[in-house]
Amino acid sequence: MTPEQLATAIRHAVVEAVEAGEITLEPSQIPSDVTVDRPRNPEHGDYATNIAMQIAKAAGVSPRVAADLVAHRLRVLAGIASVEIAGPGFLNITFDAATLGEVARAVVFAGEMYGSIDRYSGSRFNVEFISANPTGPLHLGHTRWAAVGDAIARVLVAAGAEVQCEFYINDRGAQMDKFGQSIEARAMGTEVPEGGYQGAYVDTLARQVVAADPAIVQIAESDRWQAFREAGYGLQLRQQQDTLEAFNTHFDVWTSERSLHASGAVERGLAHLSEHGHVYESEGAVWLRTTDFDDDKDRVLVKADGEFTYFASDTAYYVDKRDRGFDVCIYLLGADHHGYVNRLRAVAACAGDNPDVNIEVLIGQLVKMYKGGEEVRLSKRAGNIITLEDLVDEVGVDAARYSLIRYPVDSPLTLDLDLLVTRSNDNPVFYVQYAHARISSVLRNAADLGIDWRTSDFEPALLTHDRETGLLGAIAEFPRVVATAAELREPHRIARYLEELATAYHKFYDVCRVLPGADTELGPQTYSRLWLCAAARQTVANGLAMLGVSAPERM
RNA sequence: GCGCCCGUAGCUCAACGGAUAGAGCAUCUGACUACGGAUCAGAAGGUUACAAGUUCGAAUCUUGUCGGGCGCACCA
């Protein structure tokens, strides 16, 4: 019996009590999601539920009475050893040893699919993140989303969703012109224009552009900056793409703002919005009445000079995504863009969609970084930006991704580069990976001894040691953690869970000898513990895969 | 001024409204001539910023105050 099945059984017991006339509840008063916790205190059993306290009031009975009605229906179920009523009305449930042990077998059989659930099967998600200008390298501000956005996508996939990761290239507008003019200036040895790009990378781009096309310097001065702009654009975009692939973050689709205009998607988007009646003209400009839907002020789509605004591209892009068949469009934005939330939701509403369903804007707070006890400030002008590549060079892909993913994004994150490079528990990725390597070592040693646990008898009832049941319980939690992480779009829950799972394994390993040694002989216990090890390793590996972090067999 | 986010151990942070608020780091004390000591066992460390409220139960929900971050374009 899994925790999920237990929850179902508990709900069923409530329904039975109602049908038997023992308590009176409306169908809506029976919780659809029954809470089943793993208590911290082992005296409280393997699992605990608060169902009695939830229904007591509506049923007009005391929690203890409600608890008793549920308890005696659970006690007769196969696999449940005991059900006790405790405290204000908690039900503390203990499984038979074999019931818990069966988890190991199920995990081994499920393999890489363990933890995959069907919560979102049939749903199509578009996850857009980073979406930087192609005018420079990706920096720390983008890095958090590069890791977290990718992990969110992986978790949603594990939850059964069809997911497309998308990068929106802001390749239109004045900043691109400044970019071109800056490269040109460096190549021609002239002054970088006011407000232009100063970083050393501009020099590098200039050299690369000229090296690839020496004739570019011969172009007439009036047109030359545009040639530099296009050449630099191509190089910089390529560089961003290579960096992200090396970071284990893959985008299925790269959509450029220019292409939205070239393909007529912008006009189509505006037409779509007009049909829904939220577009109007005023003071020579065309506006979207976003104030119909909670925005502070209406937004301009077409300026008085006839130019489309950036906002026009955004609205068209949203309509385009929905036309491509996505049920939910997720936007991951930095805190410096939180002012966009209401207007983006308003766009969805203006397009005739439900902003509570079809669009989701997640805001991530900014990342600070310390080195040598001092904050490393981000400043493109001063040229001391930390790029995603810098971070990876310092700490490696696994540590960088893990450190960025293991915290919720709604609070600002402070990372200490000096601690990240040390292989201590300040960087728990090593703790988790070590558990995987350690299990791998045990299984390797077993094979060297000629022990084939797969073809041996697995006896789940032998796994009764506290450290064994603790590990089994941790393994059994995984699918529920995936469900929560997916529903809340919080992949940090996977990381935190993996740390608990690793702890459970290390504790088990410390006390429970697996392979035959001085005091232990090859027998059923060895085989059963090897099954448990295999299940633990599989779960660790599956969890790390959801974070895009490697699961090494040796470290 | 208005809006969003945050305030938890010395530090970095956890905790889908549940039982005694937990980890790691730092400090202190222990554990292998058997499977990887990058581990494990233990000690110490708290008025969950503050004040009211909601309820069987609040770090979590509501309101207010204080403190910090970010944002309020016919820029992109």
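Fair warning: this is a prediction, and the values are worked out from it, not measured in the lab. By convention in this document, chain letters (A, B, ...) are assigned in the order of the sequence lines, proteins followed by strands, and residues within each chain are numbered from 1. As a basis for the values below, the full set of heavy atoms in this structure was taken, side chains included, without hydrogen atoms, waters or symmetry mates.
- Here the separation of G37(B) from G45(B), taken at their C1' atoms, is 26 Å to the nearest Å.
- Comparing R467(A) and G173(A) by the nucleotide of RNA chain B whose heavy atom lies nearest to each, the residue mapping closer to the 5' end is R467(A).
- Within 4.0 Å (heavy atoms only), E283(A) reaches at least one base atom of the nucleic acid.
- For the pair D466(A) CG and C40(B) P, the computed distance is 17 Å after rounding to whole Å.
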Start with the C-alpha distance between Y505(A) and F508(A), add both sets of side-chain angles, then the distance that settles ring pair (Phe, Tyr, Trp, His ring centres under 6.0 Å), and finish with yes or no. CA-CA 5 Å; Y505(A) 185 79; F508(A) 157 77; 5.5 Å; yes
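- N50(A) comes within 4.0 angstrom of a nucleotide base, judged by non-hydrogen atoms across all strands.
- A cation-pi arrangement is present between R289(A) and Y280(A) under the rule of less than 6.0 angstrom and at most 45 degrees off the ring axis.
- For A9(B) and U54(B), the C1' atoms lie 29 Å apart once the distance is rounded to whole Å.
- Within the structure, a side-chain polar atom (N or O) of Y431(A) is placed less than 4.0 Å from OP1 or OP2 of C40(B).
- Between W287(A) atom CH2 and C74(B) atom C1' there is a gap of 7 Å when expressed in whole angstrom units.
- Among the nucleotides C75(B), C6(B), C13(B), the one closest to the side chain of P408(A) is C13(B).
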Its contact letters, B for base, S for sugar-phosphate only and - for none at protein heavy atoms under 4.0 Å, make nucleotides 27-34 of chain B read -------B
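- Taking the six-membered ring wherever Trp is involved, the centroid distance between the rings of H278(A) and F293(A) falls below 6.0 Å.
- Pairing analysis of RNA chain B (Watson-Crick: purine N1 to pyrimidine N3 plus N6-O4 or O6-N4; G-U wobble: N1-O2 and O6-N3; both under 3.5 Å) yields stems of 3 or more pairs at B:1-7 with B:66-72, B:10-13 with B:22-25, B:27-31 with B:39-43, B:49-53 with B:61-65.
- Of the residues listed (H261(A), E257(A), K303(A)), the one engaging F308(A) in a side chain to side chain contact (heavy atoms under 4.5 Å, CB included) is H261(A), and it is the only one.
- Across the interface with RNA chain B, nearest-nucleotide mapping of Q54(A) and F508(A) shows Q54(A) to be the residue nearer the 5′ end.
- For the C1' atoms, the distance linking G17(B) with C2(B) amounts to 31 Å, nearest Å.
- Within the nucleic acid shown, F311(A) has no heavy atom closer than 4.0 Å to any nucleic acid atom.
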